[in-house]
Amino acid sequence: MTAASMSVQALVGRFATDTPFELPVIDYRLLMPILIILGAGVVSVVIEAFAPRRARRPLQLILVLGSLVAAFIAVVGLAGTQTTTAAGSIAVDGPALVMQGAILVIALLGGLLMAERMVDPSGDAFAPRASALPGSDDERQFAARGYLQTEVWPLFLFAVGGMLLFPASNDLLIMFVALEVMSLPLYLLAGLARRRRLLSQEAAMKYFLLGAFSSAFFLYGAALIYGYAGSVDLPVIAAQLSGKPSESAIVLIGLGMLLVGLLFKIGAVPFHQWTPDVYQGAPTAVTGFMAATVKIAAFGALFRVLYVAFGGMRWDWAPMMWIVAILTMLIGSIIAITQTDIKRMLAYSSIAQAGFILVGLIAASPAGLAGAMFYLIAYGFTTIGAFAVITMVRDGNGEATHLSKWAGLGKKSPLVATLFSVFMLSLAGIPLTSGFIGKFSVFTAAIEAGAGWLVIVAVVASLIAAFFYVRVIVLMFFSEPNDQTATVAIPSVFTTIALAAAATITIVLGIVPQPLIELLANADVFVR
Amino acid sequence: MNTFPWLTALGVLPLVGSIIVALLPKSRPSLAKQLALLIALATLGLTIAMALQFDGGSAEPFQFTESYSWIPAFGISYSVGVDGIGLVLVALAATLVPVVILAGWNDVEGDSSKGSGSVKGYFALILVLETLMIGVFSATDLFLFYVFFEAMLIPVYFMIGRFGGPQRAYAAVKFLLYSLVGGLLMLAALIGLYVVSANLTGTGTFDYLSLVGLDIDPMTQRLLFAGFFIAFAIKAPLWPFHTWLPDAAAQSKPGTAVLLIGVLDKVGTFGMIRYCLPIFPAASVWYAPVIIAMALIGIFYGAFVALSQQDMKRLFAYSSMSHFGFIALGIFVFTTIGESGSVVYMVAHGLSTAALFLTAGFLMQRRGGSSMLGDYSGVNKAAPVLAGFFLFAALSSLALPGLVSFVGEFMVLLGAFQRYMFVGALATLGIVITAAYVLRVYQKSMTGPLASGLEGMADLKGREIAALVPIALLTLVLGVFPAPILNVINPAVNQLMTTIGATDPPTTLTTSTSAEGTLQ
Amino acid sequence: MNGEAWVFWISGGFAVIGALGLVLSRKAVHSALWVAFTMINLAILYVANAAPFLGMVQVIVYTGAVMMLFLFVLMVVGVDSSDSLIETLKGQRLLAIVFGLGLAGLLVFGIGNGLMNAGSVGLDEANAADGGNVQGIARLIFTDYLIAFEATSALLITAALGAMVLAHRERWTARASQEELSKQRFLSGVHPGNLPTPGVYARHNAVDTPALLPDGSISLESIPRPLEARGDIRAIDHHEVNEVKEIDAP
Amino acid sequence: MINAGAVVWAEGAPVLQEVMPATGVFSLIWLLIALPLFGAAVLLLGGRHTNKWGPYLGVLTVFGSAVIAVLMLLGLMARGAEERSIGQSLFTWVFAGRFEVNMAFQLDQLSLVFVLLITIVGTLIHIYSLGYMSHDPDKRKFFGYLNLFVGAMLLLVLANNYLLLYVGWEGVGLASYLLIGFWQIKPTAAAAAKKAFIINRVGDVGLSIAIMVIFVTFGSVTFSDVFGQAGSANEGTLTAIGLLLLLAAAGKSAQFPLQAWLLDAMEGPTPVSALIHAATMVTAGVYLIARSNAIYDRAVWAATAVVVVGLITIFMGAIIGSAKDDIKKSLAGSTMSQIGYMIMAVGLGPIGYVFAIFHLLTHGVFKAGLFLGAGSVMHGMKDQVNMRRYGALRAAMVVTFVTFMAGYLAIIGIPPFSGFWSKDEIIHAAFERSPIIGGLAILAAGITGFYMTRMVAMTFFGKARWEDDVHPHESPAVMTIPLIILAIGSTFLGMALLFWGNIETWLEPVVGFATAKSPISTTTTIALSLAFVIVGAVIGWISYARREVPIVAPRGSWLTRAARQDLYGDAVNESLVVRPSFLLSRVLIWFDSRVVDGIVNGSAAIVGGSSGRLRRYQSGFARSYALSMVGGAVFVLLALVLVRLS
Amino acid sequence: MNPSNYVILSAVLFTIGAVGVLVRRNAIIVFMCVELMLNAANLAFVAFARMNGNLDGQVVAFFVMVVAASEVVVGLAIIVTIFRTRRSASIDEPNLLKY
């Protein structure tokens, strides 16, 4: 026993008067995925601090990819677990593990995208030195010398750690902390783009201010609920709700405020306005990563809050969620129609997609949860694939995100255009793609739950959405390339793997979805 | 029965072919064509071999059935099988594909200089489409059907959008969105049906035979029926869901138009007969007056619009709309003759559309692709063989007795008349207008003095004739001797009538009471 | 009114005033000071609410650390930077007030509805359980909320990392030492010393009068560039120069 | 006026014949049809290779059918009267549910006379055409179409059910369409062809619906089934069927109100006019009604309608024939008129059927002769058709003149020429029905005398009014021999059929027969009609042989002008049908692109427009985003509270 | 003294903070308003802790302070970056991303 621990014992001993200070039983095996990632984050910081500059990138890559794989293996190892740990504050159950697994795999692809340094001749996707002023001599110097901001890797790992924690958090405090652990690195990453730094910084600021604003709402909601229930533990809240029916307004207000924070993260209307700006401004690799993973993590938390703690109040929140879902689907789809920037268009599309997933949420059934999880996974892979393509489509000024530059791309680079079309078709929900099965599962659950009219609205929204997905295909394949047309950069193995994986999963999940459906069907119950 | 997976083989063959064609080097366009033709012919051969195995007298609802579990979580399986109706439509698809390939041999080539899509791409898409067409007609799982139904849009979308006229992108998008409206409504209804089946039987299923005969309550039936029907009405297309068709037909290559109108749109009417009627019998009866009204309006509306239409392709599109009115009419009168007639009409219309569009395509190709009637006159003088085929196609379109279209049309009208005298009689008037617009086209384009710009116009060449002859021959032979198709269609129709519980009205002489047969 | 009520109403009132001051001050520094004031009052209220530990932490962390950080940044940005209070977004202020009132109304309604009759258990028992407020909090932090506690470490690392990435102004070149700077200066070939001052004669003392070099010519370096560019250089009156020479002559 | 209700037709109605299986020569019924169709197929599909021998093949195949027909005639005559209905069924053609139609033929006395007429006259006209069309580059096609026609016509008369009849019915329509428009390069010919087809289609609608009613009523469309049950159907149904069949007959036989196409149909080559638009196809309506006698016998009002239509057409045709200067159109008017007689006769019931058929046969022969004669004249006159440019041709074309005169005397009904016998019987029968009908028929006979005399006078008599470069000459033997044969027929066929062939007894088993109990005697009828004819002929002679015939037609009376305009048939069609249709078409095109498609595009535009407006709210200001978040929060809270309160 | 008064007070402070975010343009002031909102939440937690008779609320408030501190660091870093680039701390000025 070391001296330090001895002194801790001594301290404990001195303060403990009546009740002995018992350390909680924490099964670290259950927390292994989270611990691996957060631990890797710490190691990553150490690498930044001590490794020579040249060695940082390879070390970080090995660490990041290795830890993601290790964490994923740990998640797989936990399959079937249905328990809570750490004094009930962490749930290790089906949905949590599914979401963690999905986040890890998508984060792996996102990490590959972030590691790409072939498509941009001047380096990777990030500013060589974020602190150097845009356009300054310093910045040019750093760029010319091939400096890389390798600090993105610890940030990335912490973000992933937060994401793993978010859907697994079984009390509101953990949830709040996880929210921040997830968000803070993302705020930073959003501002680190190598090109168009003004936009990137603007995105970071908007994301940060609005994110902080929304978490204040979340927190205040948590406070009110705590006031009502006397605990921030979700199962305790649920028990209290069924136990004492009075004092209801405070719960309603608390729930509402809590939902503001969560709906903000998933980008639901009217809390969606940060999405297009941030998606457009952030480095594309980061956009792809966070568009996919944040949605999964936040939906995980939203589902857990609404199902575990407030499942009994379904008839209170369902009508409101109906309206939010309808607005989200329609407004996201409608505004996307007139977008001219592909990243922005995908941002609005992600809003619309969030609406579709909300349809599954409203079903308030295991089938709805399973459907939404399928949808999230499908959406995640498709989205990261789409953004991967965007990173490759470039002109002299970096990524060519204006749609007019995509005209005729199908003739110039048929393979990439075809892949992008597959992603678009999947997002549009055309059969034989994962997006279709996702929509199908979610709609099925909703109709089973009696939300037929919501599905009709969703169908109308999908139609509107199909228009702009198809428009990209029209542009790529049905117009002639001109001198404005962007070129497709040849990526390194990183992006290639990410793209290939995303496309494969998009199609495979569209054709043989059964294994995943089965998996989800076995994982559609929250631990209480 | 033998256990050879006929239908799967039939679907896989063109799919594999299309992949091979797509992988061929771009510099060998003629190889792609030859290979595509070869595969299409092989598919046709396989279809014929399968059709010969078909047992018209079998009591089984479907033959050549295969079933493999696909997504058991939703009761979805890969189940295929054909009844007589499916068989003739599969055969129609398998017949028209080689014809279209042959006819469209040089359609795409001329455009490659303009930077349009590649030759091999076009033929690969045709083969993909063939797979999906065969799939859609042979699926016996509703989900599988839906997948084929929607997936078909993609190759057609590219075929219109990449290989077509100046407005092709607009037409392609319009086609796709229109179809998606229907498709998505159908998806909603499909899911609804699944949920209903789950509620009624405990486990949800998409299996056709399990869904038929479910005791769905009438209100639900009406809702679900509407979802399916609108999808089919858009696809077919029935008035007033038709406006995508003229644009799509006018902007696409003749071959695309043939497959689109000749086969693909049949999925709409096929769907009505296969899915709407047996699964929602009560709703079908409830909606029948509205649909019959739509069909009647469509018959006359399409015909009248065609009457003074200047653009030939649009004209044919509107004429098809009119014909689809007849088909829908036959389906929703619930008589054996009407249903059989509708199926025969589908086949006939596929053949006559192919003849019309291909001949018109050959004609237009000889004048820089113009489809305006005003640009043509006196073609008969310069190209008598072309004119002859054109006339034949026109006559087939106006359902001249002795051609298969007559058999279909008359059966439809008779079936309608049997149930609703007034409706049948009114619809019969349509044949006059049909004659008027069809002969107007022939008169304007083929007769009179030769139009300037057409001097020295070449007559049809061997390849073109080779494409048209099989269609003409089938039209004629089946017109005189329709037994081969009636023999397989009729048992399926009888089964259908039993399923929906409809009986034909008795002849007036044998009963003194009401002439109405029962529908329930 | 008992003692606690006095505290509540005074400190609570101050807190609100501070909050309003935060929102209404033109100068950012004033806002910062107002919010610090609010936070101190909140600390008092914490203590009044049987949370002495939190009250202290509030003062140390918030008023002491966080607000100082704010003030530092304000120094960077410019201490006297002030907002114009004219609203530029159409309808923003009106809607902000409407929504603000709505939000406040709903919150107060909800709280009032839920809590008006709720009693207060008090913390005496809870505090006593672990032998005191600090002990109680400690026990909770290290038992029930251990994971949260561990996770916050990730937050702190992130924060440090973020501040470093964004704000640590790494330079490409190392800052030069004084020696290097002076060497550089002399080696550059530029006039190392001060430039000659403008001509200062008995009768004239103006920047537009050039200095005279020993040979009697004028030194252009002695006059500001802009004047030179404008041509606003006073001509040399040689008569006067001579006069001066005479006077100066030994 | 015409008291239909008083007539009782049960008497004289035929007893349904038993259908015998086809044996011996009768097993070749299918070959009757197949031979000409085979010829047509070879000629039309064979291409240029058949140019040389194709026409001869065409002649041969039709001749072959004629030979078989004659053999069958002999075969039937050898059988007893009750064994003369022979059926041959090849295969089941269309079937579904209770509906079952066979590809089956029925050869009986009625069909056989038609078969004979078609094949024999057809052969003659084929032969004639060898000469007439010898210089046409598309001769091969012409013979192909002719063969197609013969095949279709034979199918029409041999079918054992209405649906198969319908195939022949439209088949002859198609052949007629092709042949009228044979010289397609002339826009008028193409237009005339289209017009003929479309007007015929109107009639076909009638036939279609009639078949449907028949099926719905009797559960079968086979003649024997239908006629066997006709007695048990109610009269209303039968009347409906009768009227619908009349509509069909009116279309095919150019009867009022569907008469307008026949005159234009003269755009086709003359042999076509002779075969199709005089001898055979246009009489299909008569065949149809006669064949359906079992229905008409029990639907008196329908039969009366037939009589009225016939009567109206008799006069329309006669009047038009009197005014036209175009020799073929004048003959066409005459054809309308003569068919009007037949139609009227079949409307008379058992007293009329036989004589309608009788007149049909004689008319088929003499009118073919007349048309071919007219063709011969045109052939010699450089295709001039205007009779005002003829005159005094009797010397230049002796054979043509003589044969034409035989036809002339036959049509106006001078004894013993064949037309006399047949027409006179009809008039006599008409008197039994009503003196008014009889009187009108006799009056029309007078007009026939007038216009035929006018034609003969203008063509063969008077002064030559030829164009300068015309050198009239007699046609070659290949054309004159058919003329001669037909002239012989025109002369003797009437007597032969009546006295030697016993046409009444021959046809009676099929259509029934009853001797007319006319209020006036046969002699009186003959005297009256002869008197009228002679008066008409004299007026014609005086007006057109004695007087100078102006080369440019005088303005004429209103009736003449109306007759030259086909009694405004086209104008009526144009203003009542064609123009409204095209107007409707244009309105619908507008409606389709603006309203129906407009709604579609409009809803797309609305979505797009709202997109443009909604995106303005994404103003780029973080504070306004925060504002919408607070607004959203208020909304969320309010919604939760309101749901709870409600 | 009814502790719910504290909660009401916290609601008032929260709202003032929220309105402040909406009406102020200086990014730092906006951020201070957010901090005020967090503080309001903390007050509510503390008050509720007393009402509920357990210390969880105080612990949460404690964590919030930690979180808020980290947030402040990151936020101010971002604001300073923006300021260095644009020489302005107005949050209305970075307005390139819109529509």
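In what follows, chains are A, B, ... by sequence order, proteins preceding strands, each numbered from 1. Since this is a predicted model, take the numbers as computed values, not measurements.
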| Contacting region of A:Phe264 [heavy-atom separation from chain D under 4.5 Å] | side chain
| note | Counting heavy-atom pairs under 4.5 Å with chain A, the top scorer among D:Val607, D:Leu645, D:Leu642, D:Leu640 is D:Leu640
| query | Distance from D:Tyr625 atom OH to A:Leu209 atom CG, nearest 0.5 Å? | reply | 12.5 Å
| note | Among residues 198-207 of chain A, those lying within the under-4.5 Å heavy-atom range of chain D are A:Glu202, A:Lys206
| remark: The complete set of side chain to side chain donor-acceptor pair (under 3.5 Å) pairs with one or both residues in residues 634-643 of chain D, sequence neighbours excluded, reads none
| request: For chain D, find which of A:Ile331, A:Ile253, A:Asp277, A:Ile337 contributes the most heavy-atom pairs closer than 4.5 angstrom. | output: A:Asp277
| request: Look only at the side chain of A:Gln273 and the backbone of D:Tyr617, and say whether a donor-acceptor pair between them is shorter than 3.5 Å. | output: yes
| Relative to chain D, which segment of A:Ser333 carries a heavy atom at a distance below 4.5 Å: side chain, backbone, both, or neither? | neither
| message | Report which part of A:Met257 has an atom under 4.5 Å of a heavy atom belonging to chain D: side chain, backbone, both, or neither. | response | both
| field | Segment of A:Trp274 engaging chain D (4.5 angstrom heavy-atom cut-off) | value | backbone
| query | Just wondering, do A:Arg344 and D:Gln618 contact through their side chains at under 4.5 Å, heavy atoms? | reply | yes
Side-chain polar contacts of residues 307-314 of chain A - donor-acceptor pairs under 3.5 angstrom, sequence neighbours left out - could you list them?
residue, atom, partner, partner atom, Å
A:Tyr307, OH, A:Leu361, O, 3.0
A:Tyr307, OH, A:Ala364, N, 3.3
A:Arg314, NH2, A:Ile362, O, 3.3

| query | Checking A:Phe217 against chain D: side chain, backbone, both or neither under 4.5 Å from a heavy atom? | reply | side chain
| If you tally heavy-atom pairs under 4.5 Å against chain A, which of D:Ser619, D:Ser628, D:Gly612, D:Ala604 wins? | D:Ser628
| For chain D, which of A:Asp316, A:Leu327, A:Ile323 has the most heavy-atom pairs under 4.5 Å? | A:Asp316
| request: Applying side chain to side chain contact (heavy atoms under 4.5 Å, CB included), name anything that partners D:Arg140, two or more places apart in sequence or on another chain. | output: D:Leu43, D:Thr50, D:Asn51
| A:Phe213 vs D:Val630 side-chain heavy atoms within contact, under 4.5 Å | yes
